[in-house]
Amino acid sequence: MAILLPRKPTLICLTVLGPICVVDGIVKKNTQEILAMLAVFIYAVVTLIMDSRKKKKLINKNDKQY
């Protein structure tokens, strides 16, 4: 799935599916699933935040040039 989608929609899907899979792992008492999806969820959230900061910096940089 991740290969076929563009970057931002994939990260949004991972952000939504991460907590759902973590809860599923808690219900099943599957530690590997919990840890794996926590790592994926944290990666997706951090990447989305860093991308938005980069865009803000670029916008501010372009405004200063004009």
Looking at side-chain heavy atoms only, is the closest gap between Leu11 and Asp51 below 4.5 Å?
yes
Return all side-chain donor-acceptor pairs below 3.5 angstrom for residues 29-44, not counting sequence neighbours, or 'none' if the list is empty.
residue: Asn30; atom: OD1; partner: Gln32; partner atom: N; Å: 3.3

Those residues that, when tested against Asp24, pass side chain to side chain donor-acceptor pair (under 3.5 Å) (two or more places apart):
Lys28
Using 0.5 Å steps for rounding, measure from the CG atom of Leu48 to the OG1 atom of Thr15.
4.5 Å
